[in-house]
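Just so you know, ligand 1 is whichever comes first in the structure, and atom 1 is the first atom listed for that ligand. Since the model is a prediction, treat every value here as computed from it, not as a measurement.
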Amino acid sequence: MKASLNTQIFIAVIASLLCGLTLQQIDIDSSVYKKTIFVCGIIGNTFVDLLKMILIPLVFTSITVGVAHLRHHHNMHQIWKTTLVFFLFTSSIAVFLGLGASNLFHLGAGLDIHLFDTELQKFNTQSLTLQEFTSHFFHSLFINPLAAMVHGDILAVVIFALFLGIALIVLAEKAQTILNMTEELLAIIMLIVNWIMKVAPIGIFALLTKLVATQNIALLSTLAKFIVVVIGTTLFHGFVVLPLVLFAITRISPLFFFKGARESLITAFATSSSSATLPVTLRCAETHLKVDKNIAGFVVSLGATVNMDGTALYEAAAALFIANLTGIELNLLQQTIVCITAMLAAIGAPGIPSAGMVTMVMVLQSVGLPAEAIAILLPIDRLLDAVRTVVNVEGDMIGSLVVQKLTKLNQ
Ligand code: ASP
């Protein structure tokens, strides 16, 4: 009997942990180590490439169709508003948790910045002020859709698809052929997603083996307290706060949710990319969590680029960590600025690996912290990125369930 996809993915995770830990014991200059990491890199990247290959057509068609179909539901405005309120509400909680944990555990205090001299010297950061970030952000919203698709600018594709979906609502029957075509394209792409998922266990195995094998244990242990607190708080948000919000609003049990969501959560962990995971997330939301296709198409696709609770939490916690490390005391006003910029940074960060590190520079600079300090965080980012991406993706799926419930669809 063939094991289900979930079981195969589970086996892949366990096997990758074992292989990764075994590789940790091998000399990194040995040819076995180098070859294994090389092969894992090729296989893992191919899996990510497959997901990225269908990403743009998927985002484009799912949002267009999702929005266009909202015309059948008389509460279109409510869906919009509920989605945005939910995104803001949960990411505010995340930012407060990040700041709270940093304050509570005095992250960074007691560590000597000179421990990181080598990292700091190697690093040469490009500054990104709040003004630059804001103008760059607005400039990236409205782009020629073909250019956006070619360059993989997801946010711009999302926005064009929103326009198209709304236009299809306005034109109704007059544009039925285009809507039918887009629907057919979406069905075709979802079929391809199902094919890609067949190789997901192999891809996840390769990505995780490389992740575990290449962690720099020495550096991880220097920053152990920071890592444990950040991961712990992120998991608290993902496994306590978000499921509580879900249960309070929808009465859906966390068990049902995690069972339905796990393919996507594991893929998010392995790829560290909400965007690359989007095809899997949409599939989980629709097939396992039974979210209305139109709601999922809209909420999950939009959420993959703008709703990042894990990133918001991390940016706030890390900013305070750097402040403590460099001996700079942040007052209440400065902490409030950190909250706001961390949320903006999470909205603006694309769903790709370590995107949060780039926008982190802006958060640091907003309160006068040295941007070079992210050189300390970069070497440990692969692991933290994996965890925060899981929570980013989880927030999108929970969002779709909450929006579905609050807007009373399917009832
Ligand atoms: N990797 C994260 C994501 O794709 C973004 C980040 O770096 O925080 O969701």
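Every pair tested for side chain to side chain donor-acceptor pair (under 3.5 Å) that includes a residue from residues 138-147 fails, sequence neighbours excluded, so the list is empty.
In terms of polar-atom proximity, defined here as any N/O pair under 3.5 Å, Met357 makes no such contact with ligand 1. Checking only distances, Ser275 never comes within under 3.5 Å of ligand 1, N or O to N or O. Between Ile352 and ligand 1, at least one N/O pair is under 3.5 Å apart.
The Thr311 neighbourhood of ligand 1 comprises atoms 5 (C), 6 (C), 8 (O), with distances under 4.0 Å to a heavy atom of that residue. Residue contact check: Ser273 has heavy atoms under 4.0 Å from atoms 4 (O) of ligand 1. The contact set between ligand 1 and Ser274, taken as ligand atoms under 4.0 Å from a residue heavy atom, comprises 3 (C), 4 (O), 9 (O). Near Asn392, with a cut-off below 4.0 Å to any heavy atom, the atoms of ligand 1 are 2 (C), 3 (C), 9 (O).
Contacts between Ser354 and ligand 1 below 4.0 angstrom, taking non-hydrogen atoms only, involve the backbone exclusively.
Applying the side-chain hydrogen bond (donor to acceptor under 3.5 Å, both in side chains) rule to Thr281 yields the partners Ser264; only residues at least two apart in sequence or on another chain are considered.
Residue contacts with ligand 1: Ser272 is included, with a non-hydrogen atom under 4.0 Å away.
Remark: the backbone N or O of Val212 is paired with a side-chain donor or acceptor of Gln24 at under 3.5 angstrom. Using a distance-only test at 3.5 Å, with no hydrogens or angles considered, no donor-acceptor pair links the side chain of Ser354 to the main chain of Met357.
The shortest contact between atom 1 (N) of ligand 1 and any protein heavy atom is with Asp385 OD1, 2.7 Å. The closest protein non-hydrogen atom to atom 7 (O) of ligand 1 is Gly356 N, 2.7 Å.
Nearest heavy atoms, Thr64 versus Leu168: CG2-CD1, 3.6 Å.
Here the two rings, on Phe258 and Phe239, have centers that are under 6.0 Å apart.
Dense packing is recorded around CG of Leu191, with more than 12 heavy atoms of other residues, nucleotides or ligands lying under 6.0 Å away.
Side-chain polar atoms of Thr277 and Thr271 form a donor-acceptor pair below 3.5 angstrom.
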